[in-house]
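Everything below concerns the one structure shown next.
This one's a predicted model, so the numbers in the text were calculated from it and none came from an experiment. Quick note: numbers below take in every heavy atom, side chains included, and nothing from hydrogens, waters or symmetry partners.
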Amino acid sequence: MTSTEAFIAAAEAHSAHNYQPLPVVVATAEGAWMTDVTGRRYLDLLAGYSALNFGHRNRRLLDAARAQLERVTLTSRAFHHDRFADFCTQLADLCGMELVLPMNTGTEAVETAVKTVRKWGYKVKGVPDGRARIVVAENNFHGRSTTVVSFSTDPEARADFGPYTPGFTVVPYGDLAALDAAVDADTVAVLLEPIQGEAGVVVPPRGYLAGVCELTRARNVLFVADEIQSGLGRTGTTFACEHEGVVPDVYVLGKALGGGVVPVSAVVSSREVLGVFRPGEHGSTFGGNPLACAVGLEVIALLRTGEYQRRAAELGDHLHRALAPLVGGGAVDAVRGRGLWAGIDVNPSRGDGRAVAERLLARGVLVKETHDATIRIAPPLVISEEDLDWGLARLREVLGV
């Protein structure tokens, strides 16, 4: 096959329709650029939903993966391996925590966090068996497993997948009073995204995260921060919670933790919280495998340089200065975000988000829509200012501004 159409037709013939990809077939990538099967180059302004924070084919990450591929890739957790202790130690230290429970995907990590806080509630807090509740926010996105969609408010994610898992209370995002009212004696945790990604890069009101932290500690409830998309450099700090000086009780990490090379996720917390598990109560054949640990260790080393956080902060300021003038002229209704991450609400007069993404595709720029009217900008943190400006110029073209 040589044509885009042939590749897409072959995929359509034998794959379930769980996604609606843009009509481009990527063959190679480097840094912030991808090349399709016809040889055309595209600027990547999505970065695998933040999985590619360090760019496509980052040399250090590939070298770490290659070296480990020549040694051992999988032992299962039936045996120890020589990369596991270092990975857990280094990740716990990066988070200022004590224990790490490695998984593979972000959804797995969220499911693990749900099990963790429920067990903590029963064994440590003393909630009666079967009554643990977790408070979550409207318009959340924590994955698409059966339990996770049970507390989603997105009809597209929920419809036809019931019966739903009980034990969740949904409150408006950013509303501390509603959160306070929802917490009761059976509440074991509050699970939130510090910035809601799939909802359109929604930043909560200033002081909200600090308020959540204060409230949960006063009420003996765990604060679980889902930093799968917002964490590991994306917003200009290692974790988005840092913008309010907040350290949650539990971090949920994924995406960029695997550097876009392998799926790596983790739940990171204190000994009191993660120490509730006993052998056999939770597991994953591939979770914490040698290849994942080798790549994850190199990701942690990259973050320790501070270079990527600085780039996200500096280029993020540049990005938001460039986007701000678009609001109010009839093409863009709102822009939100933090660091090198933005959600842009397109005015219906310019088409929906999908139409804008397709017009950008035709001009060599890759973005993805969410919730019909919004497109997201989240390039690899290695993008140059010149390339970012080129992509934003194409955006202005398609919006007619």
Side-chain angles (χ1 to χ4, degrees), residues 47 49-51 53-54 91 93-97 106 113 136-142 171-176 179 189-217 222-257 266 268-269 299-300 302-324 334-344 376-381 383 388:
Y49 303 100
S50 290
N53 282 2
F54 309 101
L91 184 57
D93 183 68
L94 182 75
C95 297
M97 298 290 185
V136 298
E138 285 180 351
N139 302 315
N140 68 76
F141 182 80
H142 299 286
V171 298
Y173 187 66
D175 188 335
L176 272 175
L179 179 59
V190 173
L191 168 62
L192 298 170
E193 299 159 89
I195 296 174
Q196 290 191 319
E198 191 74 14
V201 195
V202 178
V203 180
R206 184 175 297 277
Y208 176 67
L209 296 178
V212 172
C213 190
E214 182 179 351
L215 187 157
T216 51
R217 288 179 183 171
L222 299 177
F223 175 19
V224 182
D226 179 344
E227 293 255 20
I228 292 169
Q229 289 194 48
S230 62
L232 307 184
R234 171 57 56 189
T235 68
T237 53
T238 303
F239 304 109
C241 285
E242 292 180 59
H243 290 283
E244 291 197 17
V246 165
V247 178
D249 298 294
V250 181
Y251 283 114
V252 183
L253 305 175
K255 295 198 185 293
L257 190 57
V268 190
S269 188
V299 164
I300 294 166
L302 292 174
L303 289 167
R304 289 197 188 281
T305 69
E307 172 190 350
Y308 298 90
Q309 297 91 322
R310 286 192 297 273
R311 286 189 63 80
E314 293 167 2
L315 285 176
D317 287 344
H318 182 79
L319 169 67
H320 291 286
R321 284 196 301 271
L323 292 176
V335 172
R336 297 169 303 278
R338 179 164 282 160
L340 204 50
W341 200 15
I344 303 167
R376 287 163 290 184
I377 303 290
L381 308 184
I383 193 172
L388 179 60

Report yes or no: does Gln196 contribute a side-chain atom to a donor-acceptor pair with the main-chain N or O of Glu138 at less than 3.5 Å? yes
Which heavy atom of Leu94 sits nearest a heavy atom of Phe239, and at what distance? O-CE1, 3.8 Å
Between Val212 and Pro204, is there a side-chain heavy-atom distance shorter than 4.5 Å? no
Provide the closest heavy-atom pair for Val252 versus Ala113 in the form atom of the first, atom of the second, distance. CG2-CB, 3.8 Å
Does the pair Tyr49 and Ile228 meet the rule for a side chain to side chain contact (heavy atoms under 4.5 Å, CB included), with working shown? CA-CA 9 Å; Tyr49 303 100; Ile228 292 169; over 6 Å; no
Side-chain (Gln309) to main-chain (Leu303) donor-acceptor, under 3.5 angstrom: yes
Heavy-atom distance under 4.5 Å between the side chains of Leu91 and Met97, does that happen here? no
Step-by-step side chain to side chain contact (heavy atoms under 4.5 Å, CB included) determination, Asp249 to Arg217: CA-CA 9 Å; Asp249 298 294; Arg217 288 179 183 171; 4.2 Å; yes
Closest approach of Val250 and Ser269, non-hydrogen atoms and distance? CG2-OG, 3.5 Å
For the side chain of His243 and the backbone of Thr235, is there at least one donor-acceptor N/O pair under 3.5 Å apart? yes
I want to check something: taking the side chain as every heavy atom from C-beta on, are Phe141 and Asp226 in contact at a cut-off of under 4.5 Å? no
Separation between CH2 of Trp341 and CG of Leu319, rounded to the nearest 0.5 Å: 13.0 Å
Please report the closest heavy-atom contact between Pro379 and Leu340, naming both atoms and the distance. CG-CG, 3.7 Å
Trace of the side chain to side chain contact (heavy atoms under 4.5 Å, CB included) decision for Leu253 with Cys95: CA-CA 10 Å; Leu253 305 175; Cys95 297; 3.9 Å; yes
Asn53 and Tyr308, any side-chain heavy atoms less than 4.5 Å apart: no
What do the steps show when you test Asn139 against Val202 for side chain to side chain contact (heavy atoms under 4.5 Å, CB included), and what is the final call? CA-CA 10 Å; Asn139 302 315; Val202 178; over 6 Å; no
May I ask you to test the Glu227-Arg234 pair for a side-chain heavy-atom distance under 4.5 Å? no
Should Glu198 and Arg376 count as an ion pair when the cut-off is N to O under 4.0 Å? yes
Separation of Thr305 OG1 from Ile300 CD1 (nearest 0.5 Å): 13.0 Å
Interatomic spacing from OG in Ser230 to CD in Glu242 - rounded to 0.5 Å: 10.5 Å
I want to check something: taking the side chain as every heavy atom from C-beta on, are Leu191 and Asn140 in contact at a cut-off of under 4.5 Å? no
Distance from Leu192 atom CG to Leu209 atom CG, nearest 0.5 Å? 7.5 Å
Note: Ala342 and Leu323 closest approach over all heavy atoms is CB-CD1, 3.6 Å
Where is the tightest heavy-atom contact between Pro380 and Ala47, given as atom of each residue plus distance? N-CB, 3.6 Å
Using the ring of each side chain (for Trp, its six-membered ring), is Tyr173 parallel, tilted or perpendicular to Tyr208, with breaks at 30° and 60°? perpendicular
